[in-house]
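Because the structure is a prediction, the values reported are computed rather than measured.
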Amino acid sequence: MGEGGSQIDSVMQETRLFPPPGEFSKHAKIKNLAEYQELWERARRNPAEFWADIARSELHWFEPFTTALVWREPNAEWFVGGKTNASYNCLDAHLLQGRGDRTAIIWEGEPGDEVRWTYRQLHEQVCKFANVLTSLGIECGDVVSIYMPLVPELVVAMLACARIGAVHSVIFAGFSAEAVAERNRDADAKLQITADGGWRRGKVLPLKGTVDEALDKSPCVQKCVVLKRTNNPVSMRAGRDYWWHELMEDASHDCPALPVDSENTLFILYTSGSTGKPKGIRHTTAGYNIYVKKTFEWVFDHREEDIYWCTADCGWITGHSYVVYGPLSAGAQILLYEGAPNHPAEDRFWALIEKYRVNILYTAPTAIRAFIKWGDEHVEKHDLSSLRLLGTVGEGINPEAWMWYHEKIGGGRCPIVDTWWQTETGGIMMSPLPGAIATKPGSCTLPLPGIVPAIVDEQGSPVPENHGGWLVMTHPWPGMLRGIWGDDARYREQYWSKVPHCYLAGDNARRDPDGYYWIMGRIDDVLNVSGHRLSTIEIESALVSHPAVAEAAAVGRPDELKGEAVAVFVVLRSGEPTESLKSELRQHVRKEIGALAQPDDIRFTNSLPKTRSGKIMRRLLRDIAAGRATVGDTSTLEDYTILAQIRGDQE
Ligand code: WT7
């Protein structure tokens, strides 16, 4: 074990088990483990037929497909020969079933303004804006860049692109002008959609100013549509910039959805590699659409009456798949919130849940750790009894944060779905089905039907139970990426070259004796201490289980004796950063997971460097721990000042 190979030593002990509550299972679509296993086995025997049956009955087909899957590794084509349209499946399909008056979107802006749209109203907005796009010269296959706050019009812009077969590239509104320009150039975007601003923590984000700078550096973009959101002054360039509301005034609301090929590109979404330029992950229409619809229904056990809130921004894959395409295809009633979770106070999320009687909440571990740090009093002020299901995504959730989420937010009665997936996978790959699968804090449990993972070593051989190794997928699935925009070689190299005939996810994982999967962190983040490979999440979870610790990041630093020493960065929940607390934390890790993982360096800091989507950037911390200057791409870093602050703490 360990010694230089790709296996990872697991030191984590987590034995708590939470069976699905009886009441929950009784009403669930998949009610017990046997039903799940039956479905999973059926899918495994013939994945292409399994998905074809679902796609045939649950998507609208202008023309039926003839072949379920054409697989020429590493290129997949699903539902070949068929024609459909994702905007049609999200909107028209419901109108035709007499469900036009059903609520589609409930939106609250940060200042407290509110919008409610039925499916009919959303359909009308989308049709009009699709006509606007066409009038600006956008055609099937053109790339439209979207840089907007989280407002209902962002959803309209996405669905309007889909309606006419244009490709959207949504860029999260926290990115810089340089990042927008780089993505626009890489995608060869023709049109920019933005707003005069968006609200964040009581201030206006000057999005149009950023776009003006970005468009100077991405001349492929010829036109720009600007939504009036905040009324702050912006400069409009004649012949290039148009107001959204002016264009919409004259637009017809008649716009039939264009039948597009199953494999027509629906969107590209840029995700950062740890080095090199961002990758435009390409997703196509039919396979993606059915995958996010079905996984939404399975994982969230969606019911007609639910109010569903996924707190992700549409700038991330979570927003694409589980704010827009999955829920709207399923006819769900979704809540959107524009602003920060701590504005005007730290109880904003709980106030929203109480006000709108939210039933399903889907959020990220980084947010949960912030809520814990802010204190329980903010939660206790509110009635959260409407909640029946909780979800997490984005990182592993530390077991203690899981327990807090379960008890404080879920009142001990709501199952938690810890969903593992990636921008590349399009939709959720592993997750509990809440009525069927017992949960364990920190585990994403079992693969969804149609998904066949494996854990292997560097030679591609399966590793034994409870040993960490590389997580791979052994079979194509409909939601998988179809490539990296404009870079086939990188696609092949990154995902399909290391383990023969398998998709390499880039994460380490182990499987326990119940067959449950535990994600151990990114392959690049592994620590190697005296020939033992340790996972970041296990050390971090041990630290977070100490009452004084809110958040922690573990990295390796070069050490002559041990190869690597364990360096940890700790954010305190309370208390003083003293020497005695340091030795207490060392002892705590030793007791929880053993002497091997005991931190050699402990540094206290007020916050950790994170990507704009909230992931800890361990790569930067490795540089700091080793006393090196930071190398590589830092364009996705959320807050530069944090780096200086952590470095300063060293002195
Ligand atoms: C990476 C993908 C999936 C949408 C948002 C992030 C990590 C994600 C989990 C989880 C442990 C997780 C993995 C993965 N990750 N979910 N439930 N447990 N790790 O998408 O930015 O493409 O990141 O996030 O490391 O590879 P992304």
Side-chain angles (χ1 to χ4, degrees), residues 15-44 50 53-54 57-58 94 97 99 102-103 292-310 322 326-327 329-335 353-354 356-363 382-393 397 402-420 427-451 514-517:
T15 51
R16 289 170 284 201
L17 184 75
F18 296 84
E23 247 330 270
F24 194 101
S25 298
K26 207 162 91 192
H27 301 287
K29 274 196 243 48
I30 302 173
K31 295 182 177 6
N32 53 55
L33 193 60
E35 279 183 28
Y36 155 76
Q37 283 164 338
E38 193 276 321
L39 202 61
W40 192 83
E41 273 303 326
R42 180 145 57 85
R44 194 189 55 83
F50 174 81
D53 285 345
I54 296 175
S57 61
E58 298 205 18
H94 307 307
Q97 286 168 18
R99 290 149 56 88
R102 194 174 150 74
T103 299
V292 296
K293 175 175 194 236
K294 209 59 218 171
T295 52
F296 171 75
E297 292 172 349
W298 281 333
V299 171
F300 298 103
D301 186 46
H302 178 247
R303 301 172 199 173
E304 187 71 12
E305 65 278 12
D306 282 332
I307 302 291
Y308 162 87
W309 185 22
C310 166
Y322 298 108
S329 298
Q333 315 185 90
I334 67 173
L335 175 65
I353 289 172
E354 176 170 8
Y356 296 107
R357 305 297 295 157
V358 171
N359 306 107
I360 304 174
L361 174 68
Y362 189 30
T363 194
H382 296 281
D383 172 11
L384 304 182
S385 62
S386 58
L387 289 171
R388 68 175 189 86
L389 180 63
L390 304 174
T392 70
V393 59
I397 179 164
W402 194 103
M403 289 304 300
W404 182 89
Y405 198 30
H406 175 72
E407 280 159 16
K408 292 287 172 206
I409 306 305
R413 70 184 179 278
C414 305
I416 296 178
V417 290
D418 175 351
T419 63
W420 179 86
I428 298 168
M429 302 290 277
M430 298 199 274
S431 167
L433 297 182
I437 296 173
T439 53
K440 301 183 188 185
S443 168
C444 59
T445 75
L446 299 170
L448 295 187
I451 301 306
D514 296 327
Y516 277 40
Y517 287 80

Closest heavy-atom pair, Ile30 versus Glu35, reported as atoms and distance to 0.1 Å, is CA-OE1, 3.5 Å
Does a salt bridge link [X] with [Y], judged by any charged N lying under 4.0 Å from a carboxylate O?
| X | Y | value |
| --- | --- | --- |
| Arg99 | Glu304 | yes |
| Glu297 | Lys29 | no |
| Asp301 | Lys31 | no |

Thr439 and Ile416: side chain to side chain contact (heavy atoms under 4.5 Å, CB included), yes or no, with the steps? CA-CA 7 Å; Thr439 53; Ile416 296 178; 5.5 Å; no
Would Val393 and Tyr322 satisfy side chain to side chain contact (heavy atoms under 4.5 Å, CB included), going step by step from the backbone distance to the final call? CA-CA 11 Å; Val393 59; Tyr322 298 108; over 6 Å; no
Quick check on side-chain contact (heavy atoms from CB on, under 4.5 Å): which of Ile360, Ile334, Val358 does Asp306 satisfy it with?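 The passing option is Ile360.
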Side-chain ([X]) to main-chain ([Y]) donor-acceptor, under 3.5 angstrom:
| X | Y | value |
| --- | --- | --- |
| Thr363 | Thr392 | no |
| Ser57 | Asp53 | yes |
| Trp404 | Ile409 | no |

Heavy-atom side-chain proximity of [X] to [Y] below 4.5 angstrom:
| X | Y | answer |
| --- | --- | --- |
| Ile428 | Trp298 | no |
| Arg357 | Leu335 | no |
| Cys414 | Phe24 | no |

Name the residue from Trp309, Phe300, Tyr308, Tyr405 that meets the ring-ring contact (aromatic ring centres under 6.0 Å, His included) definition with Tyr362.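 Answer to the ring-ring contact (aromatic ring centres under 6.0 Å, His included) test with Tyr362 among Trp309, Phe300, Tyr308, Tyr405: Phe300.
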Side chain to side chain contact (heavy atoms under 4.5 Å, CB included) for Leu448 and Leu433? Distances and angles first, verdict last. CA-CA 8 Å; Leu448 295 187; Leu433 297 182; 3.8 Å; yes
